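Read the structure below first, then the notes.
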Amino acid sequence: VLTTDVAIVGAGPVGLFAIFQCGMLGLRTHVIDSLDTIGGQCIALYPDKPIYDIPAWPVISGADLVEQLRRQAEPFTPVYHLGQEGLSLERLPDGRLRLGTTAGILLEAGAVIVAAGAGAFQPNRPPLPDIEHYEGKSVFYAISRREDLANKRVVIAGGGDSAVDWALALVGLADSVTVVHRRAKFSAAPASTQRMLHLVERGEIELVVPYQLHDLAGADGRLEALTVSDTEGRRRDLPADALLAFFGLSTDLGPLSRWGFCVDKQQVSVDPTTAETSIAGVYAIGDVASYANKPKLILTGFAEAALAARAILSKLRPGDALHIEHSTTKGVPGLGRAA
Ligand SMILES: Cc1cc2nc3c(=O)[nH]c(=O)nc-3n(C[C@H](O)[C@H](O)[C@H](O)COP(=O)(O)OP(=O)(O)OC[C@H]3O[C@@H](n4cnc5c(N)ncnc54)[C@H](O)[C@@H]3O)c2cc1C
């Protein structure tokens, strides 16, 4: 069992800023996210899109905003638990909260901040029989180490940026690269699609369109081949050691909606003066939090993070809450303090 002052569910922009706000008040944090990377919607949905309404940044991309938030949080040494979902919540006899994750980690905290956005991001899985036996062994929805696919016959399914970018990245490393897409038209960035089509012409990538995944063949989680079919039911067998399926992400508030707070239209009702939910000690901030006239904006989430951190300090260490200083006076560990 791990102990901390505040457990944060969700490492989107708002969860990341909550690390900083808690840290400035001397509250230690652990952060959980279902994705393997931090950044929430900014990274999963629009890393390269420019954002124009972050105060003091006339323009910043989703990815750069997340990198700045990561750097701002870093001095407070947050502990990240990625690739797992916040699952269970129970109250301990001493009033603290115990949060369990899908990876079996137990976190005991004085308070929990839910910064879950629209819910846990999960890859959309193709509806193929027995696919779960292959997942993580030879069927993947994300790749962290390109080298793991060296000398393998790789089939990539999908027509967006992930599918095309990985096809380009694996040419020359994988034994063969085949791209299966249900349409002849790709929705990836035009320049990347052009590069891929050029490699198709040179015979370095095989394009199988318009086909959809139909069945997997193999044993003990090891893929040997897969069958694809077109709209008229024509089938083709493709030899394969690995399938990378890139069909986008969906969100699910799932387990959190069973924690017992008021959930309305996929949002959690909070007291707008503290961000506290109907469960004492559990706070909700960012897109997941709802109150009258709530705007779903990053900057509103940032302010809610400041409210929640202060409300938590008042509860956990009421004496300290009387002496909150400006950042200019207090400084940040490792970055110094004003004279
Ligand atoms: C295309 C697009 C453009 C946008 N442009 C702007 C803009 O210009 N300006 C602006 O202010 N806003 C913009 N937004 C909205 C903005 O991205 C959101 O307001 C912001 O991401 C909310 O941040 P968040 O941290 O609350 O939630 P999110 O970014 O949704 O992050 C929540 C995180 O929590 C995780 N999570 C949820 N449940 C669990 C669980 N049970 N266990 C573990 N992890 C969990 C999720 O996986 C996710 O990573 C845009 C959104 C989109 C889609």
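These numbers come from a predicted model, not from an experiment. Read the numbers this way: they start at 1 and go in the same order the structure lists the ligands and their atoms.
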For atom 35 (C) of ligand 1, the option (of Asp33, Ile8, Ile32) bearing the nearest heavy atom: Asp33
- prompt: Does at least one non-hydrogen atom of Ser34 fall below 4.0 angstrom from an atom of ligand 1?
  reply: yes
query: In terms of atom number and element, which parts of ligand 1 are under 4.0 angstrom from non-hydrogen atoms of Gly10?
result: 33 (C), 34 (O), 35 (C)
field: Gly286 N/O to ligand 1 N/O under 3.5 Å
entry: no
- request: Would you check the N or O atoms of Ile51, main chain and side chain alike, for any that come under 3.5 Å of an N or O of ligand 1?
  value: no
message: Is there a polar contact between ligand 1 and Asp252, counting only N or O atoms under 3.5 Å apart?
response: no
field: Contacts of type salt bridge (charged side-chain N to carboxylate O under 4.0 Å, His left out), residue Asp220, not counting sequence neighbours
entry: none
message: If the cut-off is 4.0 Å to any non-hydrogen atom of Gln84, which atoms of ligand 1 fall inside it?
response: 43 (C)
- request: Determine which pairs satisfy ring pair (Phe, Tyr, Trp, His ring centres under 6.0 Å) with at least one residue from residues 132-152, sequence neighbours left out, and list them in order.
  value: none
message: So that I can tick it off, tell me whether Arg317 and Asp5 are bridged by a salt bridge, with the cut-off set at under 4.0 angstrom between side-chain N and carboxylate O.
response: yes
- request: Using non-hydrogen atoms of the residue, decide whether Gln122 is closer than 4.0 angstrom to ligand 1.
  value: no
- line: For atom 16 (C) of ligand 1, the closest protein heavy atom turns out to be Tyr46 OH, 3.4 Å
message: Would Pro13 count as a contact residue for ligand 1, given that I'm defining contact as a non-hydrogen atom of the residue lying under 4.0 Å from a ligand atom?
response: yes
- request: Fit a plane to each ring of His30 and His81, take the angle between them on a 0 to 90° scale, and name the class: parallel (under 30°), tilted (30 to 60°) or perpendicular (over 60°).
  value: parallel
query: Within the distance-only criterion (no hydrogens, no angle test), does the side chain of Ser138 pair as donor or acceptor with the backbone N or O of Gly221 below 3.5 angstrom?
result: yes
Leu35 N/O under 3.5 Å from ligand 1 N/O: no
query: Parallel, tilted or perpendicular: which describes the rings of Phe17 and Phe20, with under 30° parallel and over 60° perpendicular?
result: parallel
message: In the structure I gave you, are the side-chain heavy atoms of Leu87 and Thr101 within less than 4.5 Å of one another anywhere?
response: no
message: Any carboxylate oxygen within less than 4.0 angstrom of a Lys/Arg side-chain nitrogen, looking at Arg71 and Glu67?
response: no
query: Does some side-chain heavy atom of Asp215 sit less than 4.5 Å from a side-chain heavy atom of Pro129?
result: yes
message: Could you tell me, atom by atom, which parts of ligand 1 come under 4.0 Å of a heavy atom of Glu85?
response: 42 (N), 43 (C)
message: Which option wins on minimum heavy-atom distance to atom 42 (N) of ligand 1: Ala44, Gly86, Ala11?
response: Gly86
field: Atoms in ligand 1 with a heavy atom of Leu45 nearer than 4.0 Å
entry: 53 (C)
Check: Val14 N/O within less than 3.5 Å of ligand 1 N/O: yes
